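What follows is one structure encoded as structure tokens, with my remarks underneath.
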Amino acid sequence: MVSLYSYLFLASLVVSLTSACVLLHRRRVPGKIIFYSVFLNSVCILCGAKLYTMLASGLQVDFWRAGPSSLGGAVGLLLGIFLFGRIYDREASLFWEVYIMVLPLMYGISKLGCFFAGCCHGIPYDGPLAVSYDNQVLQGGPFFPVQLAESICFLFIFLIGIYLHHRRNRLVCPAVILLCATAKFSLEYLRQEHAGVVVSVNQAVCLCFFCWAVWKSGLSFRSKKEGK
Amino acid sequence: MKGTGMMYNDMNNPDDERKANVFCIASLICVFLPRVLQFLGYLLFGTLLQQVGRESVLYDRISGALSALGILFLIAGIVLVIYVRVKYPKNIFGKVLMWIYIVLAVLILIAFIVMLVACTLACSYLIETCQGCASMG
């Protein structure tokens with residue numbers, strides 16, 4: 001099960017970054033530039049994922065032992081897009097749009113790994129689709145399949161993003177971030193880890209993303225109104 | 001990328017070459033120096049603490065903080081080399097450094113995949129031998 005988690009984690013990176021390459025290539029971005037952005041973003045995603053866990057543990061866990069955090073990966077990706085936008089300022093908005101679009105795809109696939117492994121499991125639940133575990137990571141159950149619910153939600157958000165991108169809608173970035181932040185915030189209440197907590201660290205980060213997306217939407221509406 | 005000569009330097013201007021080389025050296029320092037310092041720190045303090053027979057929570061925290069700082073320096077190093085490749089594409093040092101980083105990344109990825117496959121095969125073997133024992137028993 002641990003290996004399946006690792007395979008799906010790897011698959012989430014490969015599939016989402018490949019999708020980003022295809023989308024950028026279709027918009028005639030030079031191949032070398034696509035490669036540099038993928039290289040930087042993959043390093044930022046992996047480092048961000050590990051660093052978030054290290055910081056959340058109060059630096060008690062070192063880099064090699066720290067498990068990857070999905071929110072940390074997302075923060076790492078956003079940092080990577082920002083840094084690359086400072087280097088290659090042509091079509092910076094396109095890079096933002098494409099990488100933010102593939103973010104829910106990456107998260108959705110990686111959450112399948114969590115579902116099979118048993119980490120990030122849901123609250124005790126014995127209704128339909130309840131799942132029990134008996135492996136190295138977790139023994140017990142039945143639990144609510146919150147990882148599966150997250151996976152389905154985020155894959156659906158990815159499809160919405162693709163649709164908006166295809167329609168050349170300017171609100172792809174804020175729409176995807178708003179939907180992701182809302183979904184993650186809401187589903188967090190169905191996780192066992194959230195028991196006894198009003199607002200978790202993950203939810204606080206989601207609120208920050210939500211506010212940022214609302215601000216970006218406001219800017220976009222204002223610039224459209226001013227006819228830019 | 002024709003028509004972007006104003007933004008991206010295609011000519012080997014000596015000043016631009018010097019700037020690019022400085023960025024490349026900075027990138028090398030950012031990527032490799034923290035790793036070397038961490039290793040030396042572990043050798044000096046980690047071994048010393050083990051010999052004295054004491055584990056230090058403070059050492060773990062400092063080690064974690066240095067590790068986190070090393071990650072930020074790694075990202076800075078990658079950013080610098082990509083900056084050189086985009087802004088000064090003719091710089092040889094930048095090309096070589098980029099290839100070094102790519103090869104290192106590929107080697108790390110291959111090592112990770114080999115480890116994954118080895119763990120999977122080992123687990124499958126263990127399960128089969130356990131089943132074999134059960135049927136014999």
Side-chain angles (χ1 to χ4, degrees), chain A residues 1-11 13-14 28-66 72 75-77 79-80 82-91 135-136, chain B residues 1-4 7-8 23 31 34-35 38 42 46 57-89 94-95 98-99 101-102 104-106 108-109 112-113 115-124 127:
Chain A
M1 283 308 151
V2 176
S3 288
L4 190 57
Y5 172 86
S6 304
Y7 286 125
L8 283 164
F9 177 74
L10 206 55
L13 280 176
V14 169
R28 302 186 196 285
V29 177
K32 239 195 288 191
I33 300 298
I34 296 174
F35 174 75
Y36 296 147
S37 76
V38 166
F39 189 66
L40 176 62
N41 286 333
S42 25
V43 170
C44 287
I45 289 166
L46 290 169
C47 291
K50 292 272 192 173
L51 197 53
Y52 187 95
T53 308
M54 287 169 67
L55 291 171
S57 72
L59 294 172
Q60 290 179 3
V61 180
D62 66 29
F63 181 82
W64 299 108
R65 282 187 297 140
V75 171
L77 176 62
L79 175 69
F82 170 75
L83 289 171
F84 194 76
R86 304 296 289 177
I87 298 171
Y88 184 78
D89 42 14
R90 293 173 70 192
E91 298 158 336
N135 58 32
Q136 287 173 312
Chain B
M1 298 215 329
K2 284 185 182 174
T4 59
M7 232 195 295
Y8 307 106
F23 283 132
V31 170
R35 255 112 243 119
Q38 212 173 353
Y42 173 74
V57 172
L58 181 64
Y59 168 75
D60 285 340
R61 290 281 169 97
I62 292 172
S63 175
L66 289 174
S67 188
L69 206 59
I71 291 170
L72 296 174
F73 273 99
L74 171 69
I75 293 172
I78 305 281
V79 167
L80 283 168
V81 79
I82 288 175
Y83 180 83
V84 170
R85 292 298 296 134
V86 171
K87 299 291 189 192
Y88 312 101
K95 270 188 206 174
M98 188 78 207
W99 274 110
Y101 291 162
I102 291 168
L104 281 173
V106 168
I108 291 170
L109 183 64
F112 179 71
I113 292 171
M115 195 184 65
L116 259 187
V117 171
C119 284
T120 311
L121 290 173
C123 288
S124 306
I127 290 166

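Source: prediction; values computed, not measured. Residue numbering restarts at 1 for every chain, and letters A, B, ... go by the order of the sequence lines.
Looking only at side-chain heavy atoms (C-beta outward), A:Leu83 and B:Ile75 come within less than 4.5 Å of each other. A heavy-atom distance below 4.5 Å is not found between the side chains of A:Arg86 and B:Val79. A heavy-atom distance below 4.5 Å is found between the side chains of B:Met98 and A:Phe35.
Using a 4.5 Å cut-off between heavy atoms, A:Tyr52 makes no contact with chain B at all. Residue A:Leu10 touches chain B through its side chain alone, counting heavy-atom pairs closer than 4.5 Å.
Under a cut-off of 6.0 angstrom, the local environment of OH in B:Tyr101 is crowded, with over 12 non-hydrogen atoms contributed by other residues, nucleotides or ligands.
The shortest non-hydrogen separation linking A:Ile87 to B:Tyr83 is CG2-CA, 3.7 Å.
Contact count against chain A (heavy-atom pairs under 4.5 Å) is highest for B:Ile82 among B:Ile102, B:Val117, B:Ile82. Your options are B:Leu72, B:Leu109, B:Ile71, B:Ile113, and the one with the most heavy-atom pairs under 4.5 Å with chain A is B:Ile71.
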